[in-house]
Novice: 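Dropping the structure in here first, questions after.
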Amino acid sequence: MVSGAEDTVLGGERGYPADGEVNGVNGGLQNGIQHANGVKADEVDEAFIRSAVDKSAINALRMALYQMTGDPDLATMKITKEKIRGGALYDYVLSTEDEQIVKDKATEYLLKGPHTTPPPPSVSEARKLMNLFGGRMIADNDVLPGYEELCYDEFPRGVDWTKDAPPPPKEIITSHKVVIIGAGLSGIAAAIQLKRLGIPYVVIERQENLGGTWLWNSYPECRVDTLSYLFQYKFEKNYKWPEFFAARQDTLNYLEHVAAKYGVKEDFQFNKEVVAAVWDEASSSWQLKVKNKKTGVEEDLAANSVISAAGLFSVPNLPDIPGITDYKGHMFHTTEWDHSVDYKGLRIAVIGTGSTGAQLIPNMARAAKSLAIYQRTPNWIVTIDGYRAPVPSNLNWMFDNMPYYWNWYCYAAYFRSLDLAAIQVRDPAYEAKGGCINERNDGVREALTNYIHKKMAAKPELIPKLVPKYAPLIRRLVMDNGFYDALLQDNTELVTDGIEKITEKGIITKDGKEREFDLIVLAGGFKTSKYFFPINYVGRKGRKLDDLWSKDGARSYLGMVMPGFPNLFSLYGPNHQPRGGSLYSWAEIWARYAVASVVWMIENKAKSMDVRPEVYEDYQSRLDAEVKKLIWESPEGASYYVNEYGRSGVNMPWTTSEYHEMVIKPNPEDFNIS
Ligand code: NAP
């Protein structure tokens, strides 16, 4: 699609006067500050040598430059979609000639400094710019999520007291106490929102520090597989990531940095676990039992509202394999990595080849004397450009010197992520013609099958064991950290015969073969349907969440609230895993909903809000209907997305934009208020 139609993007004016919708500043550079003083030509040249790992970056640069200059040539450039990750995603790219023009114009612009940075565009102006970036008109419900991802506001998803009304008196604000459970990235997002508003809260965390799943998972080579410029908070601008895909420690450093900068860490209580929670009608509060993990001592804690940020990946799945307790060698789950075990030169088994297993197997293969990889179901595996690449100083230089470039660079990563959703939708007409799922899904399948053939050319006998029999995206795609390369090593063996039992010395497979090991690594994933474990919330009239969920597993309204459980808000709750964007953004969005609910209660002198059962039930019917259009429940590839009842209970069936619209703020009419 050609983007040239949007030649009126600036509305004939320069300077993007705010139209009342803008309330903040851009990322990295303050409005109106003179910059680019002393910029040298060789620095600019250098900056373009390798400013990014993906080609959308030049398109992002075009948008920043267009925002700064209004140069009409930049608005008429054609955008094409280029397949990446086997066609699972697209890059939105310019022609080679236009890329050169953008670089030349950007060089000229940067050398001409100093410039004055205009204020960021309003929402409606930004919409026109977003149309230009993608080369297509974005839908109405794409606008606000996209605007938030552009990070123009100082705190893009901040909750405020009602505008045009004085905030409630301090004693009213401070009378509503919140307990956040979990100090992972969602808990931190919620804490920062509450801190901004002066609402008292504590964060209870069972681990010894913040970081949630990123603290817990210390297995070798643990790192994110989403570009860090997407996988980050939107209120923290121009953070200098050391690598494009942050390693675990860099993620922890980032979370520490954010928690310290926004002053929330002092409100965290570590080594404490909430083990019970009962709603007390008389006081309209949750009565929590908190266990000190070090001393074993239990204490009581009351909260007017509870925000559960306990995470999806918080209960390890220890495979229920016969004889597992008989084994005498080293054995641990990936979440409980025993760093005292030097695995160099050992005979190792890894059970499980999901994202975790596949990520650590190459490292194990390099270190081990021998490595047996127990694969029950193969996964579709994709490559990522720049997976281990350091962020070059050139790119940071550009972020610092080219106003709004960082914003567009981050937006590019977000925009790309939205394309995944379409691959998960069944196309009945296409399937009637003999295709599987839809045309794009089949295209991805072909590309990823070819990838396996290419990688495994030296061991073709393994190919049939590695090509999944189910369609891509029925499960989460796994990133290739060198999994196939590891299988080519002489010291590795792919074992696909089912496991019969574990013995004192090793593992016996169903064909009767016993292999002996010094170390067995359990990469068995997580019990994702055990929401809130170990807490079984007791709500109104003594009803437990397990009672509410007895029919077919955990459910919620909007992923966040359950009827009969007032003032309990879950972040990453049932059917909450999004289909696009990044978890940091969703944590902000979920925290916004939860904290806005608390603000609503404070402002309206309400003690509780409890989602109405009919609202909840109506939502379930719509959710079930939506899930049926998608592919996760396909039995041939069912994964942790599907619960023990065969129901898709983890993922959000609506697209990013559709769900964003539903959850942008709480609707008091959805709730019984007391
Ligand atoms: P997972 O995707 O659920 O994989 C678990 C693996 O263990 C599967 O291969 C599974 O086989 C196998 N398994 C489980 N029980 C077994 C048994 N009794 N016998 C034999 N094999 C058994 O879990 P995960 O790999 O920990 O990943 C979970 C999620 O964490 C990912 O989807 C992702 O969202 C996140 N993650 C992300 C990254 C990253 O790169 N950013 C890294 C790690 C994890 P079946 O497939 O046959 O069930």
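Counting starts at 1 for both ligands and their atoms, in listed order. We number each residue from 1, following the sequence as shown. All heavy atoms count here, side chains included; hydrogens, waters and symmetry mates do not.
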Novice: Among all protein non-hydrogen atoms, which one is nearest to atom 38 (C) of ligand 1, and what is the separation to 0.1 Å?
Specialist: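 Here the nearest protein heavy atom works out to S355 CB, 3.9 Å.
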Novice: Has Q375 got any heavy atom lying under 4.0 angstrom from an atom of ligand 1?
Specialist: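 False for this residue.
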Novice: Identify the closest protein heavy atom to atom 12 (C) of ligand 1: which residue and atom is it, and at what distance?
Specialist: G352 CA, 3.7 Å
Novice: Around atom 48 (O) of ligand 1, find the nearest protein heavy atom and jot down its residue, atom name and distance.
Specialist: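 For this ligand atom, the closest protein heavy atom is R376 NH2, 3.0 Å.
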Novice: Of the side chain and backbone of T334, name the one, both, or neither that has a heavy atom under 4.0 Å from an atom of ligand 1.
Specialist: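 Neither; no heavy atom under 4.0 Å.
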Novice: When you look for heavy atoms under 4.0 Å from ligand 1, do you find them on the side chain of S639, its backbone, both, or neither?
Specialist: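 None of S639 does.
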Novice: Could a heavy atom of Y640 be found less than 4.0 Å from some atom of ligand 1?
Specialist: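 Yes; Y640 lies near enough to ligand 1 that a heavy-atom distance drops under 4.0 Å.
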Novice: Does any N or O of ligand 1 fall below 3.5 Å from an N or O anywhere on D225, backbone included?
Specialist: yes
Novice: Please write down residue, atom name and distance for the protein heavy atom closest to atom 47 (O) of ligand 1.
Specialist: T377 OG1, 2.5 Å
Novice: Looking at L487, D480, L488, which hits side chain to side chain contact (heavy atoms under 4.5 Å, CB included) with K455?
Specialist: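 Checked L487, D480, L488 against K455; only one passes side chain to side chain contact (heavy atoms under 4.5 Å, CB included): D480.
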Novice: Within the structure provided, determine whether R85 and L477 are in side-chain contact (heavy-atom separation under 4.5 Å).
Specialist: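 No - every pair of side-chain heavy atoms lies 4.5 Å or more apart.
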Novice: Note the single closest protein heavy atom to atom 7 (O) of ligand 1, along with its residue, its atom name and the distance in Å.
Specialist: A523 O, 3.1 Å
Novice: Would you mind checking which non-hydrogen protein atom is closest to atom 18 (N) of ligand 1, with the distance to 0.1 Å?
Specialist: P319 CB, 3.4 Å
Novice: Any N or O of N379 that comes nearer than 3.5 Å to an N or O of ligand 1?
Specialist: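 Such a contact does not occur with ligand 1.
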Novice: How does Y219 reach ligand 1, if at all, at less than 4.0 Å between non-hydrogen atoms: by side chain, backbone, both, or neither?
Specialist: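 For Y219, only side-chain atoms sit under 4.0 Å from ligand 1.
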Novice: How close does the nearest protein non-hydrogen atom get to atom 26 (O) of ligand 1, and which residue and atom is it?
Specialist: T356 OG1, 2.6 Å
Novice: Using heavy atoms and a 4.0 Å limit, tell me yes or no: is M479 in contact with ligand 1?
Specialist: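 Flag not set, M479 not near ligand 1.
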Novice: Give the residue and atom name of whichever protein heavy atom lies nearest to atom 21 (N) of ligand 1, and the separation in Å to one decimal.
Specialist: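 In this structure, atom 21 (N) of ligand 1 has I351 CG2, 3.7 Å as its nearest protein heavy atom.
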